[in-house]
Protein chains: 2
Amino acid sequence: MTAAKHQVTRKTGRRTGGRAGIREVAAAAGVSITTVSDALNGKGRLPDATRRHVRSVAERLGYRPSAAARTLRTGKSGLIGLTVTTYGEEPFTFTEFAYFAEMARAATSAALARGYALVILPAASQHREFDVWSNVALDGTVVIDPSDHDPVVTELVRQGIPVVSDGRPGGSLPVTAWVDNDHEAAVTGLLDHLAAAGARRIGLLTGTSTDTYTRLSTTAYLNWCERAGQNPVYEAYPAHDPCAGAVAADRLLARPDRPDAVYGLFDPNGTDLLAAARRYGLRVPDDLLVVCCSESSVYATTEPPITTLSLKPGRIGTSVIQLLIDAIEGASGGRPPAPAPAAEAAHQVMPTELIVRTSSQPPRRPAASARATVTAPRTPPAIDQ
Amino acid sequence: MTAAKHQVTRKTGRRTGGRAGIREVAAAAGVSITTVSDALNGKGRLPDATRRHVRSVAERLGYRPSAAARTLRTGKSGLIGLTVTTYGEEPFTFTEFAYFAEMARAATSAALARGYALVILPAASQHREFDVWSNVALDGTVVIDPSDHDPVVTELVRQGIPVVSDGRPGGSLPVTAWVDNDHEAAVTGLLDHLAAAGARRIGLLTGTSTDTYTRLSTTAYLNWCERAGQNPVYEAYPAHDPCAGAVAADRLLARPDRPDAVYGLFDPNGTDLLAAARRYGLRVPDDLLVVCCSESSVYATTEPPITTLSLKPGRIGTSVIQLLIDAIEGASGGRPPAPAPAAEAAHQVMPTELIVRTSSQPPRRPAASARATVTAPRTPPAIDQ
DNA sequence: TTGAAAGCGCTAACAA
DNA sequence: TTGTTAGCGCTTTCAA
């Protein structure tokens, strides 16, 4: 009786937008809402007949479960935040466009395959945009290259939401896990490659910002120079400025101690250097060897084709998502994902790939090891837990 | 009494994860939960003192409102779906990478500025990935270049969720609104530019797929040829294949009726054509004029720099979001956004930009109108409906 | 095996 | 001006 009264009392008529709710389905199928829920979610121990019947009724009514209600009830939204650093008003920076795009693409696929979707969110900003962080229920978050004391990361972790970063976090940022390339090994291997190709003085085009990538790569360069007994020759420029790279490349080749090989840390540096070399009448690779870090395929068809270091952002994106979802599902599954000794987050170091092309192979002394592709040997995909 | 009993009876102790809920805040501030809600959302008519007090208590307790509960209650999630076409397993296609990235970047900014966040979702697929569509509460959706009878679009519209497409929808796809370039005017203007630069036979590198962009652009080319009394000279290739473009470019230049100018519809065609020209010993722009549709800045520094047609994806992304949010907020605001006469969706046509560089300016006869940038005159930003 | 009932945390209508 | 209450639509004990 109470039940019947309840059913009737309820304003069960129109739902939001007139769509069918679980109660309509239950009524139409002649079962309880519990049975509907179980049948649709594959739970409980219902006879197959009931399950099929409920499913067909639900389909006929065009029933779509409410994601909001499910999220409220279960505490899981199936949503993962993806934060991109904003420069000024815009997300992304020009110089890392291809990297971000590829990384995000792979992360999207990996998340989708495990039933999660990505929500694009801005890094902390002074605007009220910050509010969007509270307006969306996240099961976890991916942060790309977080700054040393990112307030968003700190806050999320404090709330118990797993955070995995692309890029080794600086400072003592309390991320759940991180994934990064072994930048030091990559730079070292690349410089060895240039030296083996005959370079005597290798220059560097680097950035003025203090992010981990720039810092580690530059340090690796300086260390290599010291070991090789070469004076460092480098120019730093604000990498977020789309024109500054060309100017810096020009400055580098204008120096009295002009390098005979240059490595550019950012994606457009290949064309920047090629243009600068042209202005100074330097032939590549005859007079100048050129390598840059890039994910762009245009360097396969430039004149000459340019050797690039690929950070394999696709692999990074995939790994980040796997680590994050493992943390999410492990955390809710009962056992803690890692008894992490306070200052030691789970992490994964991914290999880079040096794609050797004409620009780093001088014609006079053909390289003994003429492989088309050399994978940096020192950085196997290792999981340190 | 009833109230007091209720408060006590309730299992008010631990919340999910131990975080403070609205009730804890109310208790700590000595007010009711309604007051807390109103104070935090700027609603109601509370004295400023109360508002500040509640806010400070909430902050002290580290209170974060539950997005799921708010969504369930209000019916608005603040989430907008962004669908990317998937080719095989991967979202995005190589050839339109830069376009998508730039469009998504602008859309993200525009959405954030109005308090919405974007959720990346796959277009309909045979996988169970389709489920993610039901697992996230969307206020609206952006679809990029939908296929003629996209089941996702149809389903969303049936559910009353606004859908705005980037690209004029084919078939009778019932989108709420759409945004597109005037591809016909763009191609026509571009071909006029080449003809003015001295081209006598203009070739086309086009795609084999039947999407709107490829179809409209190719048709415009054929019409232009007919008007100009020129025989069409074109090669079509599967644009999603990253290598096929180079082959098609080669085929085009190998023809007996070799064109003296070529327009490539896809982003990598510039380097494809440059490489092919090199193989045939053709100088650009002396023997061959080259233009391609691209958003990539590398064409500013190739040798020679290549004239590109930009579709201005940033503007498109911004417009799409504005139209969508207008529809979302108009729809819930009471008055219908548009009494649309059935087959006439709101739409917006955006201008393209021809960025003229060396590759389309033959040295012998300097172009009379030597502007660096020519905006197609026929496509002002017009809002119909 | 199936169903009733209790909320998840919040907002908005209504009461006081 | 402030507080009480009724759900939003679902999942999940717990009882039948």
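Not measured: the values here are computed from a predicted model. Proteins come first, then strands; the chains are lettered A, B, ... in the order of their sequence lines, and each starts at number 1.
Straight-line distance from the CZ atom of B/R70 to the C1' atom of C/dA12: 13 Å, rounded to whole Å. Put simply, CG on B/N41 is 17 Å from P on C/dG9, counting in whole angstrom units. Going from atom CD of B/E24 over to atom C1' of C/dC10 covers 13 Å, rounded to whole Å. Between the CG atom of A/L72 and the C1' atom of D/dG7 there is a distance of 12 Å, given to the nearest Å. Rounding to whole angstrom units, CD1 of residue A/I22 and P of D/dT11 are separated by 6 Å. If you measure from atom CG of B/D38 to atom C1' of D/dT2, you get 9 Å, rounded to the nearest angstrom. Atom CG in A/L40 sits about 15 Å away from atom P in C/dT2, given to the nearest Å.
Here the side chains of A/W178 and A/L323 are not in contact, with every heavy-atom distance at 4.5 Å or above.
Set against D/dT11, C/dC10, D/dT4, the side chain of B/T34 has D/dT4 as its closest nucleotide. Here the nucleotide nearest the side chain of B/P47, chosen from D/dG3, C/dG9, D/dT1, is D/dT1. Taking every side-chain heavy atom of A/R23 into account, D/dC8 is the closest of C/dC10, C/dG3, D/dC8. Checking C/dT2, D/dC8, C/dC8 against the side-chain heavy atoms of A/T35 singles out C/dT2 as nearest. Distance from the side chain of A/I33 is smallest for D/dT11 among the nucleotides C/dG3, D/dG9, D/dT11.
Between A/S66 and the phosphate of D/dG9, there is no side-chain N or O to OP1/OP2 separation shorter than 4.0 Å. For the pair A/K43 and D/dT11, the criterion of a side-chain N or O lying under 4.0 Å from OP1 or OP2 is not met.
Using a 4.0 Å cut-off between charged side-chain N and carboxylate O, A/D48 and A/R55 make no salt bridge.
Taking CD1 of A/I22 as the reference point, atom OH of A/Y63 lies at 4.0 Å (rounded to 0.5 Å). Remark: B/R73 CZ to B/S66 OG distance equals 13.5 Å, nearest 0.5 Å. One finds the CE atom of A/M103 at 4.5 Å from the CG atom of A/D166 (value rounded to the nearest 0.5 Å).
Between A/L46 and B/S37, it is A/L46 whose nearest contact on DNA chain C lies nearer the 5' terminus. Checking B/V31 against B/A69, the closest nucleotide of DNA chain D that is more toward the 5' end is the one next to B/V31. In terms of position along DNA chain C, the nucleotide closest to A/R73 lies nearer the 5' end than the nucleotide closest to the other residue of the pair B/T74 and A/R73.
Here B/T50 lies in heavy-atom contact (under 4.0 Å) with sugar-phosphate atoms only.
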